Student: 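One structure, pasted below without further comment.
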Amino acid sequence: MTKILIATEKPFAKVAVDGIREVSEAAGLEVVLLEKYTEKSQLLAAVADVDAIIIRSDKIDNEVFDAAKNLKIVVRAGAGYDNVDLAAATAHNVVVMNTPGQNSNAVAELVFGMLVFAVRNFYNGKAGTELKGKKLGILAYGNVGRCVARIAKGFDMDIYAYDAFCPAAAIEADGVKAVSSQDELFETCEVISLHIPATAETRQSINYDLVNKLPHGAVLVNTARKEVINEPELLKLMQERADLRYVTDIMPDMDADFRTLEGRYFSTPKKMGAQTAEANINAGVAAARQIVAFFKEGCTRYQVNK
Ligand code: 3PG
């Protein structure tokens with residue numbers, strides 16, 4: 001029987017696992033579960049006889065592909081697939097997919113949860129500021145960026161976006177002002193929300209010079225990836241500029257150093273953006289459906305390692 005492994009170091013909500021089982025078992029596929037694993041050896045053992053794997057931010061590298069002799073497909077239940085070695089997947093003849101858009105709303109809602117927390121001085125009792133009328137810059141106008149723009153309208157923010165790949169007309173069609181560069185976005189906006197993927201081009205791209213373009217009192221929100229931040233440079237800048245604040249749901253490697261910036265930095269202990277029951281159900285069940293369609297119909301929609 002075709003076997004699907006759900007391998008999640010950070011587990012889905014139970015309702016999502018139930019949904020994955022329902023969809024898979026209805027199509028005659030078996031589901032096995034590896035949650036909250038702490039050692040890579042547990043993952044290597046679990047993949048030995050499976051045909052498919054559903055993951056979140058779990059790292060799937062060459063060693064995992066070597067250990068998974070029957071593997072045909074990996075679906076990252078979520079958007080970013082920088083945790084999967086795509087070249088190794090292709091070399092092992094394994095299809096890799098993501099489930100774009102399925103967890104975007106959850107991430108976008110957390111952006112505003114973190115933003116309100118930051119501009120109200122982390123609820124320390126001192127008078128904070130409001131989001132209404134503030135200039136919000138969305139860096140990368142993909143599924144999450146669009147959800148952020150939608151919610152920002154409810155806050156009556158002045159919304160700007162930059163995306164190297166999305167035409168300005170598509171951004172403007174949403175009532176969002178398209179700017180022509182990343183630099184211009186940072187020069188213009190008091191709040192920046194990052195939604196770029198971690199790629200060779202974006203790694204460490206949020207650096208001293210770029211962030212220093214922000215106006216006085218700005219807030220940087222990162223629910224994208226920690227790899228896009230040049231941590232030593234951001235830390236140095238925040239030490240020099242006592243007006244800047246940084247909130248993130250991806251704990252930096254230099255978390256202890258950032259914590260010295262009292263009242264200007266916050267990180268959740270785990271990546272929390274997509275951690276809602278709804279996002280887990282949407283992304284998990286989409287992953288299961290894509291796996292069923294792959295085995296039953298040969299469907300490779302959403303394949304990312306072509
Ligand atoms: C994504 O890329 O989909 C998000 O960053 C969510 O990641 P997670 O599934 O590990 O929470």
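All values reported here derive from a predicted model rather than from experimental measurement. Just so it is clear, the values below take in all heavy atoms, side chains as well, and ignore hydrogens, waters and symmetry mates. Just so you know, ligand 1 is whichever comes first in the structure, and atom 1 is the first atom listed for that ligand.
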Student: Applying a heavy-atom cut-off of 4.0 Å, say which part of Val107 lies close to ligand 1: side chain, backbone, both or neither.
Tutor: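 Answer for Val107: neither.
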Student: If you define the side chain from C-beta out and look only at heavy atoms, does anything of Lys296 sit under 4.5 Å from Leu29?
Tutor: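 Contact flag for Lys296/Leu29 side chains = yes.
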Student: Pick one of side chain, backbone, both or neither for how Arg76 approaches ligand 1, counting any non-hydrogen atom pair under 4.0 Å.
Tutor: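 Side chain only; the backbone of Arg76 stays clear of ligand 1.
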Student: Using 0.5 Å steps for rounding, measure from the CD1 atom of Ile192 to the CG atom of Asn222.
Tutor: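 Between atom CD1 of Ile192 and atom CG of Asn222 there are 12.0 Å.
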Student: Within a reach of under 6.0 Å around OH of Tyr81, are more than 12 heavy atoms found that belong to other residues, nucleotides or ligands?
Tutor: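 No.
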Student: Can you confirm, on distance only, whether ligand 1 has an N/O atom lying under 3.5 Å from any N/O atom belonging to Gly80?
Tutor: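 Among all N and O atoms of Gly80, at least one is under 3.5 Å from an N or O of ligand 1.
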Student: Could you list which atoms of ligand 1 come closer than 4.0 Å to a heavy atom of Gly78?
Tutor: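 Under 4.0 Å from Gly78, ligand 1 has these atoms: 3 (O).
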Student: What I want to find out is whether Arg259 reaches Asp255 closely enough, with some N-O distance under 4.0 Å, to be called a salt bridge.
Tutor: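 The answer is yes: the pair qualifies as a salt bridge.
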Student: What part of Arg225, side chain, backbone, both or neither, has a heavy atom within less than 4.0 angstrom of ligand 1?
Tutor: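 It is the side chain that touches ligand 1; the backbone stays farther off.
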Student: How far does CD of Glu9 sit from OG of Ser57, to the nearest 0.5 angstrom?
Tutor: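 So the gap between those two atoms works out to 8.5 Å.
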Student: Can you name the atoms of ligand 1, numbered from 1 with element, that are less than 4.0 Å from a heavy atom of Asn103?
Tutor: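 Under 4.0 Å from Asn103, ligand 1 has these atoms: 1 (C), 3 (O), 6 (C).
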Student: Considering distance alone, does some N or O of Ala79 sit under 3.5 Å from an N or O of ligand 1?
Tutor: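 Such a contact does occur with ligand 1.
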Student: With a 4.0 Å cut-off on heavy atoms, is Met272 in contact with ligand 1?
Tutor: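 In this structure, Met272 fails to qualify as a contact of ligand 1 - no heavy atom is under 4.0 Å.
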Student: Do the side chains of Asp58 and Arg56 get close enough for a salt bridge, i.e. N-O under 4.0 angstrom?
Tutor: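 No, no charged N to carboxylate O under 4.0 Å.
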Student: Return the closest protein heavy atom for atom 10 (O) of ligand 1 as residue, atom name and distance.
Tutor: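 The closest one turns out to be Ser57 OG, 2.5 Å.
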Student: Return the option from Lys10, Lys271, Glu9 holding the heavy atom at the smallest distance from atom 11 (O) of ligand 1.
Tutor: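 Looking at heavy atoms only, the winner is Lys10.
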Student: Ala274 heavy atoms, cut-off 4.0 Å: which ligand 1 atoms fall inside?
Tutor: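 Numbered from 1, ligand 1 contributes 6 (C), 11 (O).
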Student: When the ring planes of Phe266 and Phe117 are compared, do they come out parallel, tilted or perpendicular, using 30° and 60° as the limits?
Tutor: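 Judged by the thresholds at 30° and 60°, the geometry between Phe266 and Phe117 is perpendicular.
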Student: Counting N and O atoms only, with roles assigned by atom type, does the side chain of Arg264 sit under 3.5 Å from a partner on the main chain of Leu244, one being a donor and the other an acceptor?
Tutor: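 Yes, because the side chain of Arg264 sits within donor-acceptor range (under 3.5 Å) of the backbone of Leu244.
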